[in-house]
Amino acid sequence: MTQQSVIQSGDVVHITGARPNFPKAAPVIAALAAAGVAQKLIHTGQHYDEALSESFFQILDLPKPDLNLGVGSGSHATQTAAIMVGIESAIGNSKPAMIVVYGDVNSTVAAALVAAKLGILVAHVEAGLRSFDLTMPEEINRKLTDQLSDLLLITSPEAKDNLEREGLGDREIFFVGNSMIDTLLAHLHEFDEKKIASKLNLDGDYAVATLHRPANVDELETAKDIVSALGQVSEQTQIILPLHPRGKESLMQAGLAKFDQIKVIEPLNYIDFISLVKGAKFVITDSGGVQEETTILKVPCLTLRPNTERPITITHGTNQLVTVSDLVKRVANLSPVKDVVPPLWDGTAGERIAAAIIEFLGRK
Ligand code: UD1
């Protein structure tokens with residue numbers, strides 16, 4: 001089948017590319033399928049390792065992509081451009097009803113830009129989040145994607161204020177909740193902390209750490225400071241660190257493997273990772289998604305960043321922002337977990353998103 005013929009006119013076309021996209025897209029695709037909507041899935045191939053991509057398709061029952069663009073890694077310009085060329089070619093002369101993009105990765109902004117220029121309606125799932133930190137590539141992706149989107153589907157109320165502040169108040173904004181949390185709740189019975197502990201030979205309390213933000217792992221000096229702080233934390237509680245490919249070189253060079261009480265492992269599949277987090281005493285991370293997942297799992301989360309685009313995980317969750325220099329102290333003084341969850345993080349966001357898309361397309 002040629003790329004040009006994959007998409008039919010009238011299709012709702014979902015674009016996924018990187019690990020965090022998959023648990024956000026799965027409930028939306030399922031809810032639209034249940035409503036009988038004709039849809040296609042394009043995987044850009046931004047992530048291609050088994051653990052970061054294929055394993056999610058199996059575990060989350062995502063349909064096999066109708067097309068994988070296979071763009072792979074590269075500089076931001078190279079990767080974004082390759083995704084744009086691939087999506088434009090895949091659309092060809094067809095007239096999809098809508099392109100649905102997720103989160104804030106390069107695949108998100110690239111697809112939104114192509115669709116907007118072709119006059120195709122764009123829906124952005126997880127619109128309006130802002131860290132107000134333009135040194136993060138994701139913040140640039142978020143702002144541009146929202147500007148290009150017709151339907152803005154938000155996970156938390158403050159996202160609406162952010163969109164209004166950027167002049168988007170007259171767009172279609174719907175507070176739908178968090179479809180990534182739908183995925184978490186749907187698989188809750190499969191998360192088995194005892195099983196993963198036995199698989200990894202863990203005994204007693206442990207913490208989980210994940211690090212992959214460019215600001216934390218790209219510079220060796222910063223990586224060394226972080227590794228040294230983790231080393232100190234590990235004197236009290238052993239740390240399990242599934243290592244994302246991005247941080248591998250610098251964190252290893254910074255001496256991560258030197259500490260007996262830090263266990264560095266390969267990235268885990270979704271079920272194993274969330275099981276590990278569920279059984280953890282606390283989590284140290286710079287991931288966006290993990291701030292949200294720990295909030296629902298009621299596991300204290302220390303986010304090693306100066307800001308978060310997900311402040312609701314602080315006000316309604318288990319999250320706190322920490323610096324490298326106060327990490328050890330904050331671990332020693334973990335606050336009790338609050339008994340609140342963010343509004344509409346209830347397992348049915350996918351259905352609300354599908355309903356919003358169907359209603360919106362019905363009016364167009
Ligand atoms: C991307 C997203 C980030 C998200 C993260 C989740 C952007 C700008 N960043 O960051 O928001 O939090 O995914 O994982 O879109 N690599 C592999 N195998 C893969 C993919 C990547 O080894 O399957 C390595 C390559 O060396 C690559 C590097 O990781 O150069 C970075 O990959 P990339 O997709 O550019 O960004 P991430 O850091 O993964």
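For ligands, and for the atoms within them, numbers begin at 1 and follow the listed sequence. Any value given below was found using the heavy atoms of this structure, including those in side chains, with hydrogens, waters and symmetry copies removed.
Taking only nitrogen or oxygen atoms, main chain and side chain alike, H212 reaches within less than 3.5 Å of ligand 1.
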Could you walk me through whether Q46 and T44 pass the side chain to side chain donor-acceptor pair (under 3.5 Å) check? CA-CA 6 Å; Q46 175 175 344; T44 67; 4.8 Å; no
Can D11 and Q39 be said to form a side chain to side chain donor-acceptor pair (under 3.5 Å), step by step? CA-CA 5 Å; D11 282 347; Q39 43 185 348; over 6 Å; no
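At the shortest separation from atom 26 (O) of ligand 1 among protein heavy atoms lies S73 OG, 4.4 Å. Among protein heavy atoms, atom 17 (C) of ligand 1 sits closest to Y48 OH, 3.3 Å. For atom 8 (C) of ligand 1, the closest non-hydrogen atom of the protein is N106 OD1, 3.3 Å. Regarding atom 18 (N) of ligand 1, its nearest protein heavy-atom neighbour is D49 OD2, 3.0 Å. Of the protein's non-hydrogen atoms, the one nearest atom 39 (O) of ligand 1 is H47 NE2, 2.7 Å. Protein heavy atom at the shortest distance from atom 36 (O) of ligand 1 is R246 NH1, 3.7 Å. Closest to atom 2 (C) of ligand 1 among all protein heavy atoms lies V105 CG1, 3.7 Å.
Using bins of under 30°, 30° to 60° and over 60° for the plane-to-plane angle, the ring pair F191/H187 lands in the tilted bin.
Within ligand 1, counting atoms from 1 as listed, the ones closer than 4.0 Å to a heavy atom of Q79 are 34 (O), 35 (O). The ligand atoms of ligand 1 that sit less than 4.0 angstrom from a heavy atom of H244 are 14 (O), 37 (P), 38 (O), 39 (O). Near H76, with a cut-off below 4.0 Å to any heavy atom, the atoms of ligand 1 are 8 (C).
Taking 4.0 Å as the cut-off between side-chain N and carboxylate O, K199 and D192 do not count as a salt-bridged pair. Contact check on R305 versus D286 returns no salt bridge, with no Lys/Arg side-chain nitrogen under 4.0 Å from an Asp/Glu carboxylate oxygen. A salt bridge links E166 to R130: at least one charged side-chain nitrogen sits closer than 4.0 Å to a carboxylate oxygen.
Remark: the S131 side chain and the E139 side chain contain an N/O donor-acceptor pair separated by less than 3.5 Å.
Atom CE of M252 and atom CG of L243 lie 6.5 Å apart (nearest 0.5 Å).
Residues H43 and Y48 place their aromatic rings such that the two centres sit no closer than 6.0 Å.
Proximity annotation for atom 3 (C) of ligand 1: of M136, K248, E138, E138 comes nearest, heavy atoms only. Between atom 6 (C) of ligand 1 and the options A18, P245, P20, the minimum heavy-atom separation is to P20.
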